[in-house]
There are 2 protein chains.
Amino acid sequence: MKDYDPSRYPAVAVTVDLVVLTIRDDELCVLLVRRGEAPFKGQWALPGGFIQPAEDLDEAAARELHEETGLSPQDVYVEQLATYGAPRRDPRMRVVSVAYLALAPDLPAPQSGSDAADARWTPVASLLGRNRRLAFDHELILNDGLERARSKIEYTSLAAAFCSAEFTVAELRRVYEIVWGITIDARNFHRKATKTIGFLEPTGMTTTRDGGRPAQLYRRGSAELLSPPLVRPADHAHQTNDQPGA
Amino acid sequence: MKDYDPSRYPAVAVTVDLVVLTIRDDELCVLLVRRGEAPFKGQWALPGGFIQPAEDLDEAAARELHEETGLSPQDVYVEQLATYGAPRRDPRMRVVSVAYLALAPDLPAPQSGSDAADARWTPVASLLGRNRRLAFDHELILNDGLERARSKIEYTSLAAAFCSAEFTVAELRRVYEIVWGITIDARNFHRKATKTIGFLEPTGMTTTRDGGRPAQLYRRGSAELLSPPLVRPADHAHQTNDQPGA
DNA sequence: GCAAAAGTGTTCTTCGTACACCCATGG
DNA sequence: CCATGGGTGTACGAAGAACACTTTTGC
């Protein structure tokens, strides 16, 4: 960052794009918006927008998230994912996009969308062999976000971000099963989750909403990191760019 | 990314900054350059510079790395770290900086520096209680890079990126000991490292450069991910933003 | 031979997995 | 009283930690 000569450098626009994940009807879903203008008019894209002069990147992500979903940051886990800046990723001009990953519980209203014309929760499984691709390089960003989420619930307590404020051990286990696409022994999971200190905080209440014997209700505990982690079988490598934390 | 009205959005400059780490004389060191102009004139900063019109972010990082160290990307591991864009992090104008983490073996020439006036390998330990702070928010970026590196060598084979092309198990163990700041049982480490398939590739050669009985020389294996990982004791949380991979 | 580092074997304990079994509710 | 899911006990085997011990060099 030496001599800055504006004539040598083109105008660069900086945007934030959001990979907002939730679990609906036992499926992992991502929030997509339909583009109203060119380029990629009519195609689905990740929600996002330009950063504003006075806001930090995290603030821009929180603002966009609120505009698209009506959610405030305390209800949702948000972390920076990665930044994408290939020269021609947007045909109009040079756009560098800072992507964020957000994990939300199943939302009462699908999306309020004070802003976006058409926003929708889309099961990620339905995007795999799809004809209609996502706009820009959003498919790449989405895949990076998915891998980050899959890897991060191993060693952090983030899986609880997919659950509502009070949840049962079985509901938490369903999160792992859906995000990882595997089945987990309910009894061993129960033992491990309840014995990991700081992971689950008992409320003293019970529920029978899942049928059968009443289950204890828990809140998210204070622990950020799980040690030992909850490891998934070593079939797919966890390969992304997030270290634990952020 | 709806209506783009340039008048509503200020000019934004995008830079890449590099956290280049190596091990010299049994210390973890970072490459710093001394700033020749205001702001922060005379202070130490991470190397970096503006992105150019036709290059992707990764290319910009590789170019800056080559300019500062003379190293080409195949000698060094490089991955994107995170992006920093607080409104006034650079007093001159709005600058969004995409930070990269690079891990290099101990370099024959400290730095060639065809470009930077004054570049130096600085032990990170010497930066802790230091009076002279780093320029901009580079201390924050450096800390994020350090935590990423510490966490990433647990579950990837990246520790070998700190070693020269051919290395012994003991030299690899020293990397872990230095980066994590702990001591590791040499015998158990040897067993674990040599039995992790894809981690080490035997060359058939031996060396006595570390004294004692001759040691086998190995090359970096093909494995990116280590399973099971080499876990450090659970004192400090590994908290960053890198998932394995990248 | 002695120091120093490489490398192997063994023991102990901890932890994950599999699964038998009991508990508490709704219908 | 039976189906359903919640929750506990236990046995087996794999893997990590600690450390005794052997190997191969330089001096």
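Quick note on labels: first sequence line is chain A, next is B, and so on, each numbered from 1.
C:dG16 atom P lies 15 Å from atom CD1 of A:Ile182, rounded to whole Å. Between B:Asp185 atom CG and C:dA6 atom P the separation is 12 Å, expressed in whole Å. We find that CZ of B:Arg174 is positioned 11 Å from P of C:dA5, with the value rounded to whole Å. Look at NE2 on B:His190: it is 15 Å from C1' on C:dA4, rounded to the nearest Å. Between B:Phe167 atom CZ and C:dA6 atom P the separation is 14 Å, expressed in whole Å. The nearest whole Å value for the distance from the NZ atom in A:Lys195 to the P atom in C:dT14 is 14 Å. Computed from coordinates, the B:Glu171 CD to C:dA6 C1' distance equals 13 Å when rounded to whole Å.
Side-chain N or O atoms of B:Arg220 include one that pairs as donor or acceptor with a backbone N or O of B:Cys163 at under 3.5 Å. With hydrogens and angles ignored, the 3.5 Å screen pairs a side-chain donor or acceptor of A:Tyr176 with a backbone N or O of A:Ile153.
Counting only heavy atoms from C-beta on, A:Arg187 has its side chain closest to C:dA20 among C:dA6, C:dT8, C:dA20.
In the 5' to 3' direction, nucleotides of DNA chain D lying under 4.0 Å from heavy atoms of chain B begin and end at D:dG16 to D:dT25.
Expressed to the nearest 0.5 Å, how far CG of B:Leu31 lies from CH2 of B:Trp44 amounts to 9.5 Å.
With B:Lys152 as the partner, the salt bridge (Lys or Arg N to Asp or Glu O under 4.0 Å) test is satisfied by one option alone out of B:Glu79, B:Glu224, B:Glu147: B:Glu79.
Remark: the A:Tyr218 side chain and the A:Gln216 side chain contain no N/O donor-acceptor pair separated by less than 3.5 Å. B:Asp144 and B:Tyr84 share a side-chain donor-acceptor pair at under 3.5 Å.
Residue-level contact check: A:Ala170 touches the backbone only, with heavy atoms under 4.0 Å from sugar-phosphate atoms and none from bases.
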Any protein N or O atoms within reach of nucleotides 22-24 of chain C? Criterion: under 3.5 Å, listing atom names and distances.
residue: C:dC23; atom: O4'; partner: A:Arg213; partner atom: NH1; Å: 3.4
residue: C:dC23; atom: O2; partner: A:Arg213; partner atom: NH1; Å: 3.1

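Residues B:Val19 and B:Leu146 are not in side-chain contact: their nearest non-hydrogen atoms beyond the backbone lie 4.5 Å or more apart.
Contact of A:Asn188 with C:dA18 (side chain to base): a donor-acceptor pair of N or O atoms is detected under 3.5 Å. A donor and an acceptor atom never sit less than 3.5 Å apart when one is taken from the side chain of A:Arg191 and the other from the base of C:dG16.
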Subject >> Audit row: B:Ile178, B:Arg174, side-chain contact (heavy atoms from CB on, under 4.5 Å) steps and yes/no >> reply: CA-CA 6 Å; B:Ile178 290 165; B:Arg174 290 293 294 151; 4.1 Å; yes
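The pair B:Glu59-B:Arg63 does not meet the salt-bridge criterion, since no charged nitrogen lies less than 4.0 angstrom from a carboxylate oxygen.
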